[in-house]
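Take a look at the structure set out below.
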Amino acid sequence: MMTTDETPIPENPKAAFVAVIGAPNTGKSTLINRAVGTKVSIVSPKVQTTRTRVLGIMMQGDSQLIFVDTPGIFQPSKRLDRAMVAAAWSGAEDADNLLLLIDAGRGIDGNTGRIIDALIERGVRCDAVINKTDSVRKPQLLELAAALSEKGIFDQIYMISALTGEGVDDLIQALADGAPKGPWMFPPDQASDMPERNLAAEITREQLFRQLHQELPYALTVETESWEERADGSIAVAQIIFVERESQRAIVLGKGGQRIRTIGTASRLELSEILECKVHLNLFVKVREKWGDDPERYGLWGLDFNA
Ligand code: GDP
Ligand code: MG
């Protein structure tokens, strides 16, 4: 291995795209976050939080592993759902490795069964990763592994706990060993291709999920409006939460602005932990109706948490 002052550059680099597929809530985001060691993808106890594909990047020896976190593959019903499924499959098919995550407790249930059937139908081989081994007993695990093996499409069957980290190192080592020869796609110190602004928006969106539960407006989006690195080392961030109706704006704001204040505080604390500096966060809630493309029409509503 040849090294420069800062960054080791291997003579024979390897790189692999690793697509992580699986039913919602099987632990895809948790696994990628653990592998990459920094928060790059939303982890939520609720289903369907991952809308966009996020790349998590890690180095293992001479290999660079680029993880693709796909939106959950599930039975499409609504139009948006169909688009998500298509996005998930295209991520899967472009990858060097395909990992199907399976919740050890749920086993081959409806969702996972349908994905396996689709893999068989498409003639796609992949590796099975039984996750959440911490939550079930060994005989159940072995039974599940046997049932998966019978499907005849899995090259490897791994057992991990993305939560405790058990088995994750072995999985990563195996992926790194099997990576095809080729140049690294990203600088080695880059944890994600997601600009920090997008990451910050995702973090606020995750807090909205956590704190609004079933009241969450389906069409809600978060955009980072401004990002200012100040002389004192702190970062000032302004974000806009877009909803579709006045009634939804009221839900997000909460009584006397209490709810958005809680959301803003939680998001700010998390951001400041990830960015390792003091963060000032201003959140605004705007109504942007589907048919009205001009958000300015509706004016700016907001609260300043750190003023
Ligand atoms: P995704 O929808 O597949 O991306 O799943 P997430 O990564 O968001 O995880 C869904 C839920 O499962 C979260 O509550 C996680 O904390 C939990 N989870 C993920 N991995 C494990 C694991 O190894 N063990 C246990 N017990 N829970 C896990
Ligand atoms: Mg996810």
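Both ligands and their constituent atoms are indexed starting at 1 by order of listing. Predicted model, so just to flag it, every value in this text is computed and none were measured. Side chains included, hydrogens not; waters and symmetry mates left out as well; all remaining heavy atoms used.
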Could you go through residues 12-21 and list every donor-acceptor pair under 3.5 Å that involves a side-chain atom there, pairing it with any protein atom two or more places apart or in another chain?
residue	atom	partner	partner atom	Å
K14	NZ	A176	O	3.3
K14	NZ	D177	O	3.1

What about [X]: any of its N or O atoms under 3.5 Å from an N or O on ligand 1?
{"X": "K28", "answer": "yes"}
{"X": "T30", "answer": "yes"}
{"X": "L163", "answer": "yes"}
{"X": "S29", "answer": "yes"}
{"X": "P24", "answer": "no"}

Problem - K28 (side chain) donor-acceptor with A23 (main chain) under 3.5 angstrom - result: yes

Handout entry: Any donor-acceptor pair under 3.5 Å from R34 side chain to A162 backbone
Key = yes

Exercise for the section: Decide, yes or no, whether a salt bridge links E273 with R268 under the criterion of side-chain N to carboxylate O below 4.0 Å. Expected result: no

Handout entry: Residue part near ligand 1, for N131, under 4.0 Å between non-hydrogen atoms
Key = side chain

Exercise for the section: Just jot down the ligand 1 atoms closer than 4.0 angstrom to any heavy atom of D134, in number order. Expected result: 22 (C), 23 (O), 24 (N), 25 (C), 26 (N)

Exercise for the section: Answer yes or no: are there more than 12 heavy-atom neighbours, outside E121 itself, under 6.0 Å from its atom CD? Expected result: no

List the atom pairs, with distances to 0.1 Å, where a side-chain N or O of residues 152-160 and a protein N or O form a donor-acceptor pair under 3.5 Å, not counting sequence neighbours.
residue	atom	partner	partner atom	Å
D155	OD1	R125	NE	2.6
D155	OD1	R125	NH2	2.9

